[in-house]
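Below: one structure, written as structure tokens.
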Protein chains: 2
Amino acid sequence: MALDEIDRRILRILQKDGRMTNVELARLVNLSPAATLERVRKLEHSGVIRNYMARLDPETVNLGLLVFVQVTLDRTSADIFDSFAKAVRAMPQVSECYMVAGGFDYLVKARVRDMNAYRAFLGKTLTRLPGVRQTHTYTVMEEVKADLELPI
Amino acid sequence: MALDEIDRRILRILQKDGRMTNVELARLVNLSPAATLERVRKLEHSGVIRNYMARLDPETVNLGLLVFVQVTLDRTSADIFDSFAKAVRAMPQVSECYMVAGGFDYLVKARVRDMNAYRAFLGKTLTRLPGVRQTHTYTVMEEVKADLELPI
DNA sequence: GAGTTTTACCGAATATCATTCGGGGGAAGT
DNA sequence: ACTTCCCCCGAATGATATTCGGTAAAACTC
């Protein structure tokens, strides 16, 4: 789908305030509400806008500790990767997990309440998965930037 | 702020669909629209809900390559950390940046169009920052999980 | 280039929604 | 027992989303 400047402006605005009313959005992009709504619907149906979400503060919901874990798997069997991926998707503590090139196999981003909770998660859940050979934990000490908006 | 079960249900729902109407949300949590709205406003003002955002598909906006970069700084001067943090916050390619314990100094998550764009970003922007001693790039090959919702 | 189709837009009408307000009722506190 | 506070409700109203017919310009066809 081809995006013109008005589309990009809409996307920039909705990334910052996903609940802005359509009439206010229309004012900001100098279109009628009807035309604006039509553009937004098109962006939604074409998949440019995946969804809308409320972003919560991790601290206030008892998820104050953020960690990254490098995970290396045994390469003995092909479906070990699949079963690892499946298991990780089912873990609520894991917010993101990527297969990466360049030294280890998976990079896992996890949110837990505190260091105790992380120790339990690592020992009782993550390292118990079949095929996990080695892990290395990086504890986040400071959030320098956490910008979920994409630069359009 | 203390959250009861209804609050948590509201948060779970709004994380999945940040644009749900208040009347539908009220139906789902078995409250009147007025009471539901009051709860949502309270969650917003207390900071549990930080904001609402439209989540875009990176591919469709030409940001198909996701990379993680480990960055090590010279520890010669204290304000090198500050200037690095400041510079990183101003880079649109950097979506997240954390100071981490455990072997290197910063973990940077960046989105770019392709490998060429990444090479340019690394060579012309990131490694040119004062104090950057060493970088190590991990290219994401597969997105196993990318769940921005917090487990409530 | 005349005709045709497509695309994007508008304004008005209507259905739906957000928001406010007065008040009820139960729990906690005095 | 009384007061206070908290959470809830229903009704009213003002704002909004959404639909629809119509217009004009661009793109496409012959």
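So that the names make sense, note that chain A is the first sequence line, chain B the second, and so on, each numbered from 1.
Side-chain N or O atoms of A:K109 include none that pairs as donor or acceptor with a backbone N or O of A:S95 at under 3.5 Å. Between the side chain of A:Q15 and the main chain of A:L150, a donor-acceptor pair closer than 3.5 Å is present.
Each end of the helix from C:dG1-D:dC30 to C:dT30-D:dA1 gets its own axis from five base pairs, and the two axes differ in direction by 40°, given to 10 degrees.
Aromatic pair A:F68/B:Y98: ring centres closer than 6.0 Å.
Contact footprint of chain B on DNA chain D: nucleotides with an atom under 4.0 Å from a non-hydrogen protein atom, first to last in 5' to 3' order, D:dC7 to D:dG10.
Residues A:R39 and A:D4 are paired through a salt bridge, judged by an N-O separation under 4.0 Å between the basic side chain and the carboxylate. Between A:E38 and A:R41, no side-chain nitrogen of the basic residue sits less than 4.0 Å from a carboxylate oxygen of the acidic one, so the salt-bridge criterion is not met. Using a cut-off of 4.0 Å between Lys/Arg side-chain N and Asp/Glu carboxylate O, A:R19 and B:E44 are scored as not salt-bridged. Between A:E5 and A:R12 there is a salt bridge, with a side-chain nitrogen of the basic residue lying less than 4.0 Å from a carboxylate oxygen of the acidic one.
Atom CG of A:D4 and atom P of C:dT7 are 14 Å apart (whole Å). In this structure, A:I6 atom CD1 and C:dC9 atom C1' are separated by 10 Å, rounded to whole Å. Atom CG of A:N30 is separated from atom C1' of C:dC9 by 14 Å (rounded to the nearest Å).
Atom CD of A:Q134 and atom CG of A:D74 lie 10.5 Å apart (nearest 0.5 Å).
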Could you list, one pair per line, each protein nitrogen or oxygen that sits under 3.5 Å from a nitrogen or oxygen of nucleotides 17-19 of chain C, together with the distance?
residue	atom	partner	partner atom	Å
C:dA18	OP1	B:N22	N	2.4
C:dA18	OP2	B:N22	N	3.1
C:dA18	OP2	B:V23	N	3.1
C:dT19	OP1	B:R41	NH2	3.2
C:dT19	OP2	B:R41	NH2	2.2

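Heavy atoms of other residues, nucleotides or ligands lying less than 6.0 angstrom from CZ of B:R113 number 12 at most.
A donor-acceptor pair shorter than 3.5 Å can be found between the side chains of B:Y118 and B:T137.
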